[in-house]
Amino acid sequence: QVQVVESGGGLVQAGGSLRLSCAASGRTFSSSTMGWFRQAPGKEREFVAAIIWSSDSTYYADSVKGRFTISRDNAKNTVYLQLNSLKPEDTAVYYCAASRSYSSRPYGYDYWGQGTQVTVSS
């Protein structure tokens with residue numbers, strides 16, 4: 001089992017920044033990839049970014065490329081998502097998830113956190 005806990009969401013004005021954190025614990029060695037997804041009201045959960053624990057390989061959705069940055073601290077088993085130049089359409093619950101291999105699909109992830117709300121006001 002892998003436990004995943006997100007933190008760092010909040011309310012921010014358009015153009016502002018936030019940093020989300022995702023702390024993983026348990027059998028983390030069984031998960032090679034950590035991903036961030038988001039879900040807005042009435043919409044499907046969508047891929048945001050992912051990172052491979054053992055390398056610096058990162059992946060981004062086109063909608064956030066150049067604005068969001070995913071990074072990891074292996075010693076702390078923590079993954080971060082830096083959100084810059086935020087737009088109202090970035091408003092959603094952001095979820096962190098762990099997977100045995102890279103995927104941009106929610107069903108490719110085995111363990112999920114409870115989510116953290118990000119609200120961007122115009």
Side-chain angles (χ1 to χ4, degrees):
Q1 286 277 30
V2 177
Q3 292 77 46
V4 177
V5 179
E6 308 97 334
S7 61
L11 172 64
V12 64
Q13 289 188 333
S17 299
L18 282 173
R19 190 175 82 155
L20 308 183
S21 298
C22 172
S25 61
R27 298 171 61 87
T28 56
F29 57 84
S30 66
S31 299
S32 74
T33 303
M34 298 297 292
W36 284 97
F37 290 77
R38 66 186 182 185
Q39 189 166 19
K43 294 189 176 181
E44 294 186 353
R45 192 166 297 190
E46 64 174 0
F47 173 75
V48 175
I51 190 166
I52 310 299
W53 277 118
S54 61
S55 69
D56 246 352
S57 297
T58 57
Y59 306 86
Y60 295 95
D62 288 343
S63 59
V64 306
K65 205 170 291 184
R67 300 189 298 123
F68 292 6
T69 303
I70 190 170
S71 61
R72 85 273 192 267
D73 184 331
N74 286 16
K76 295 182 179 180
N77 280 345
T78 299
V79 173
Y80 303 98
L81 187 66
Q82 179 69 39
L83 289 65
N84 295 333
S85 302
L86 281 161
K87 305 174 182 180
E89 51 263 44
D90 293 318
T91 295
V93 177
Y94 283 69
Y95 296 90
C96 183
S99 173
R100 293 184 180 87
S101 60
Y102 170 68
S103 175
S104 63
R105 305 290 186 180
Y107 57 71
Y109 289 76
D110 306 300
Y111 305 101
W112 291 83
Q114 80 289 350
T116 185
Q117 177 71 45
V118 171
T119 303
V120 184
S121 63
S122 56

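Computed from a predicted structure; not experimentally measured.
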Residue pairs meeting ring pair (Phe, Tyr, Trp, His ring centres under 6.0 Å), one or both in residues 32-53, sequence neighbours left out, come to Phe37-Phe47, Phe37-Tyr109, Phe37-Trp112

If you round to the nearest 0.5 Å, how far is [atom2] of [Y] from [atom1] of [X]?
{"X": "Ile51", "Y": "Ser71", "atom1": "CD1", "atom2": "OG", "result": "6.0 Å"}
{"X": "Ser32", "Y": "Tyr102", "atom1": "OG", "atom2": "OH", "result": "11.5 Å"}
{"X": "Thr33", "Y": "Ile52", "atom1": "OG1", "atom2": "CD1", "result": "3.0 Å"}
{"X": "Glu46", "Y": "Arg105", "atom1": "CD", "atom2": "CZ", "result": "12.0 Å"}
{"X": "Ser101", "Y": "Asp110", "atom1": "OG", "atom2": "CG", "result": "8.5 Å"}
{"X": "Asn84", "Y": "Arg19", "atom1": "CG", "atom2": "CZ", "result": "11.5 Å"}

Side chains of [X] and [Y]: closer than 4.5 Å at any heavy-atom pair?
{"X": "Tyr94", "Y": "Cys96", "value": "no"}
{"X": "Leu83", "Y": "Leu20", "value": "yes"}
{"X": "Thr116", "Y": "Ser7", "value": "no"}

Problem - Set of salt bridge (charged side-chain N to carboxylate O under 4.0 Å, His left out) partners for Arg72, sequence neighbours left out - result: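 Arg72: salt bridge (charged side-chain N to carboxylate O under 4.0 Å, His left out) contacts with Asp56.
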
**Item:** salt bridge (charged side-chain N to carboxylate O under 4.0 Å, His left out) partners for Asp73, two or more places apart
**Value:**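 Testing Asp73 for salt bridge (charged side-chain N to carboxylate O under 4.0 Å, His left out), a comparison that skips the adjacent residues, returns none.
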
| query | Who are the side-chain hydrogen bond (donor to acceptor under 3.5 Å, both in side chains) partners of Tyr95, not counting sequence neighbours? | reply |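 Expected list: none.
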
Nearest heavy-atom pair of [X] and [Y]: which atoms, and what distance?
{"X": "Val2", "Y": "Ala98", "result": "CG1-CB, 4.3 Å"}
{"X": "Thr78", "Y": "Ser21", "result": "CG2-CB, 4.4 Å"}
{"X": "Cys22", "Y": "Val4", "result": "SG-CG1, 3.2 Å"}
{"X": "Ser17", "Y": "Ser85", "result": "OG-N, 4.4 Å"}
{"X": "Ser122", "Y": "Ala14", "result": "CA-CB, 4.4 Å"}
{"X": "Arg67", "Y": "Leu86", "result": "NH1-CA, 4.0 Å"}

Are the side chain of [X] and the backbone N or O of [Y] linked by a donor-acceptor pair below 3.5 Å?
{"X": "Glu6", "Y": "Gln114", "result": "yes"}
{"X": "Arg38", "Y": "Ala92", "result": "no"}
{"X": "Thr69", "Y": "Gln82", "result": "no"}
{"X": "Gln39", "Y": "Val93", "result": "no"}
{"X": "Thr91", "Y": "Val120", "result": "yes"}
{"X": "Ser63", "Y": "Ala61", "result": "no"}

**Request:** Could you tell me whether Phe68 and Tyr60 have their ring centroids closer than 6.0 angstrom?
**Result:** no

- Report yes or no: do Tyr111 and Tyr80 belong to one cluster of Ile/Leu/Val/Met/Phe/Trp/Tyr joined by side chain heavy-atom distances under 4.5 Å?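 No, separate clusters.
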
query = If two hydrophobic side chains count as joined below 4.5 Å and joins carry through other members, does Val48 share a cluster with Ile70?
reply =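 Yes, same cluster.
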
- prompt: Which residues satisfy the side-chain contact (heavy atoms from CB on, under 4.5 Å) test with Leu11, sequence neighbours excluded?
  reply: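 Only Thr119, Ser121 meet the side-chain contact (heavy atoms from CB on, under 4.5 Å) criterion with Leu11.
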
Applied to residues 52-93, the disulfide bond (SG atoms under 2.5 Å apart) test, sequence neighbours excluded, yields none

More than 12 non-hydrogen atoms from neighbouring residues, nucleotides or ligands closer than 6.0 Å to NZ on Lys76, yes or no?
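No - once you tally the heavy atoms of other residues, nucleotides and ligands closer than 6.0 Å, there are 12 at most.
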
Fill in: Carboxylate-amine/guanidinium contact Asp62 Lys65, below 4.0 Å
yes

